[in-house]
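One structure is given below, encoded as structure tokens.
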Amino acid sequence: MIDLKILREDPERVRLSQQVRGESVEIVDQLLALDEARRTAITTFEALRAEQNLLSKSVGAAKGDEKTALLASAKELSAKVKVADSARAEAEVAANAALLLIHNLISPEAPVGSEADFVVLEHFGTPRDFGIKGLEGFEAKDHVELGKILKAIDTERGAKVSGSRSYYLTGVGALLEFALVNYAISSATKAGFIPVIPPVLVNPPAMEGTGFLGQAAENVYHLEEDDYYLVGTSEVPLAAYHMDEVIEGLPLRYAGYSTCFRREAGTYGKDTRGIIRVHQFDKVEMFIFCEPKDALAEHQKLLQWEKDFLNAMEIPYRVIDVASGDLGASAIRKFDIEAWIPTQNAYREVTSTSNCTEFQARRLNIRYRDGDTTKPVATLNGTLVAIPRMIVAILENHQQSDGSVVVPAALRPFLGVDRLLPA
RNA sequence: GGUGGCGUGUCUGAGUGGCCUAAAGAGCACGUCUCGAAAGCGUGUGUUGGGGAGACUCAACCGUGGGUUCAAAUCCCACCGCCACCGCCA
């Protein structure tokens with residue numbers, strides 16, 4: 001949630017942010033009115049309550065007729081307090097509900113527009129020249145085909161057992177996951193991250209606090225019988241880790257390894273082949289709690305760690321600055337890294353890093369000590385490696401004409417081989 | 001899954017309807033003493049929200065949510081969590 005003080009003092013800034021995001025602008029003025037009503041209701045209630053507290057005390061001290069008289073007026077006052085209290089509660093619920101609808105105040109540096117209006121910040125590496133007439137002299141196979149040749153990916157049996165968008169990683173496919181995870185965790189640990197294996201089954205407060213129920217609710221698996229959610233990213237349990245705490249020792253950097261579950265509602269027909277878009281995958285996610293003044297710098301660091309990973313995998317990629325309409329509720333700015341996928345002749349998102357400033361921390365009530373007060377921390381997240389898409393990128397970019405795949409040097413110590421051979 | 005016990009501030013822990021403005025101790029901070037420190041002594045010591053330029057003031061918070069009452073940490077109900085034992089189990 002945003003800072004109510006900013007809303008009161010500079011509502012125009014909030015309206016503008018909502019507008020470039022393509023979100024409701026009217027809600028801003030509704031919230032202003034609801035906030036005013038809320039404060040009035042609080043004042044009314046508290047005045048009555050203070051009166052009641054005094055009166056109650058005198059009832060305790062009084063005796064006889066005096067007590068009877070006091071009791072009568074106390075009873076009357078009690079009824080008034082009850083009414084004022086429920087009016088206050090209603091006003092607070094309404095104001096809070098409206099407050100939760102407003103998205104984080106966008107960075108003025110984020111490009112304005114919808115999904116297609118991203119800005120390319122930089123390119124790294126050069127895509128190989130596949131095709132008979134190209135430098136490589138052979139047509140690139142896609143990861144599904146390579147996965148079959150290597151006996152690394154089995155989407156057919158995945159579909160048999162778990163439906164569409166499911167898969168088995170087998171043999172070198174499974175080993176590749178372990179190697180990627182081990183490489184990711186070991187480099188994150190060297191960079192000062194605390195490795196974490198979080199729960200992937202979380203309760204409603206954790207889910208709501210992270211802002212996933214409003215924005216992306218349709219993509220979240222909900223276990224109705226137990227009222228638990230399956231997380232779509234370990235960002236959720238990592239953010240909620242310090243829920244309702246005043247934390248010390250900032251910045252705190254965590255690298256969470258977990259399975260991620262996504263319903264992928266509304267993506268019919270998109271990426272139906274292969275393992276680019278799946279319901280379940282494993283991911284190493286970086287998550288940072290820091291003082292708000294350090295958030296910008298931490299965001300750049302996250303981006304750098306993500307680039308380091310892609311560089312180590314020797315995969316061509318570009319960095320994009322995601323446009324205002326495609327940011328998600330919590331982020332003020334977001335950078336995606338898109339890896340080159342030869343058979344799609346396109347760059348595809350493999351990692352993403354967001355600066356959420358204090359937005360999530362306010363909802364989750366995570367603070368730090370600043371002098372003699374407490375203030376909400378800033379939170380940031382970034383993908384270190386999302387396994388299936390990284391496997392796709394590695395297989396397709398490092399394939400050879402015989403269907404074998406050269407293993408990037410950084411991964412060799414973790415995989416034990418230089419090359420994946422047809423099985 | 002069953003039975004029993006427990007949930008109070010940074011911690012330990014008292015408090016079974018009004019004297020709770022939550023005792024006491026520990027911790028922490030500051031002061032005093034000291035060459036310096038410890039011990040001792042003194043003072044202070046939560047969070048959130050409303051009002052106020054501010055000193056300040058008012059309200060809420062004793063696991064969570066309801067209820068009873070003029071008045072609830074205290075009584076009632078539900079839920080959650082923790083501990084112990086039994087059963088089952090990777």
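Within every chain, numbering begins at 1; the chains are lettered A, B, ... in the order of the sequence lines, protein sequences first and strands thereafter.
Taking atom C1' on both nucleotides, B:A24 is separated from B:C80 by 31 Å, rounded to a whole Å. When the C1' atom is compared between B:G2 and B:C58, the two are found 50 Å apart, to the nearest whole Å. For the P atoms, the distance linking B:G1 with B:G67 amounts to 29 Å, nearest Å. Spacing between B:C83 and B:G17 at atom C1', rounded to whole Å, works out to 30 Å. Between B:U32 and B:A22, the two C1' atoms lie 30 Å apart (nearest whole Å). B:C33 and B:A23 have their P atoms separated by 30 Å, given to the nearest Å. Remark: the separation of the C1' atoms in B:U12 and B:C62 is 16 Å, to the nearest Å. For the C1' atoms, the distance from B:U64 to B:C11 is 23 Å, rounded to whole Å.
The nearest whole Å value for the distance from the CG atom in A:L55 to the C1' atom in B:G18 is 13 Å. A straight line from NZ of A:K5 to P of B:U48 spans 11 Å, rounded to a whole angstrom. Here B:C70 presents its P atom at 16 Å from CG of A:D85, a figure rounded to the nearest Å. What separates CG of A:L48 from C1' of B:G51 is a distance of 16 Å, to the nearest Å. To the nearest angstrom, C1' of B:U48 lies 17 Å from CD1 of A:I366. Per the geometry, CG belonging to A:D244 stands 16 Å off C1' belonging to B:G9, to the nearest Å. To the nearest angstrom, C1' of B:C79 lies 13 Å from OH of A:Y228. Regarding A:E36, its CD atom lies at a distance of 13 Å from the C1' atom of B:G51, rounded to whole Å.
The phosphate of B:U48 has OP1 or OP2 within less than 4.0 Å of a side-chain N or O from A:R367. Between B:A71 and A:S78, a contact under 4.0 Å exists linking OP1 or OP2 to a side-chain N or O. Contact check, A:T374 against B:U48: a side-chain N or O comes under 4.0 Å of OP1 or OP2. OP1 or OP2 of B:A71 lies within a sub-4.0 Å distance of a side-chain N or O belonging to A:Q52. Not one side-chain nitrogen or oxygen of A:R369 sits closer than 4.0 Å to the OP1 or OP2 atom of B:U10. Considering only side-chain N and O atoms, A:N53 lies under 4.0 angstrom from the phosphate OP1 or OP2 of B:A59. Phosphate contact (OP1/OP2 of B:U68, side-chain N/O of A:K82, threshold under 4.0 Å): present.
Figure legend. B:C85 is base-paired to B:G2; pairs are counted as Watson-Crick or G-U wobble with both atom distances under 3.5 Å. Checking B:A24 for Watson-Crick or G-U wobble geometry (two distances, each under 3.5 Å) identifies B:U12 as its partner. Base pairing annotation: B:G17 forms no Watson-Crick or G-U wobble pair, as no partner gives both donor-acceptor distances under 3.5 Å. Across all strands shown, B:G42 forms a Watson-Crick or G-U wobble pair, both distances under 3.5 Å, with B:C30. Across all strands shown, B:A71 forms no Watson-Crick or G-U wobble pair with both distances under 3.5 Å. The partner of B:A60, taking Watson-Crick or G-U wobble pairs whose two distances both stay under 3.5 Å, is B:U47.
Distances were taken from every side-chain heavy atom of A:R49 (C-beta onward) to each of B:U48, B:A72, B:C58; the shortest belongs to B:A72.
Remark: A:E12 engages A:R15 in a salt bridge, criterion side-chain N to carboxylate O under 4.0 Å. Of the charged side-chain nitrogens involved, none lies within less than 4.0 Å of a carboxylate oxygen, so that A:D85 and A:K82 do not count as a salt-bridged pair. Ion pairing of A:E156 with A:K160 is absent here, as no side-chain N (NZ or NE/NH1/NH2) approaches a carboxylate O to less than 4.0 Å.
Residue-level contact check: A:R8 touches the backbone only, with heavy atoms under 4.0 Å from sugar-phosphate atoms and none from bases. The residue A:R38 sits close only to the backbone: its heavy atoms come under 4.0 Å of sugar-phosphate atoms, none of a base.
Between the side chain of A:E46 and the base of B:G51, no donor-acceptor pair under 3.5 Å is found.
Checking A:T373 against A:R39, the closest nucleotide of RNA chain B that is more toward the 5' end is the one next to A:T373. Of the two residues near RNA chain B, A:L71 and A:A47, the one whose nearest nucleotide lies more 5' is A:A47.
Sorted by first and then second residue, the pairs that involve residues 248-265 of chain A and meet salt bridge (Lys or Arg N to Asp or Glu O under 4.0 Å), not counting sequence neighbours, are A:R253-A:E298, A:E264-A:R277.
No hydrogens or angles considered: nothing links the side chains of A:S234 and A:E285 as a donor-acceptor pair under 3.5 Å. Counted by atom type alone, A:R157 and A:T170 present zero donor-acceptor pairs between their side chains at under 3.5 Å.
Taking a 6.0 Å sphere around OH of A:Y241, one finds it holds 12 or fewer heavy atoms contributed by other residues, nucleotides or ligands.
You'll find the ring centres of A:Y183 and A:F309 inside the 6.0 Å limit.
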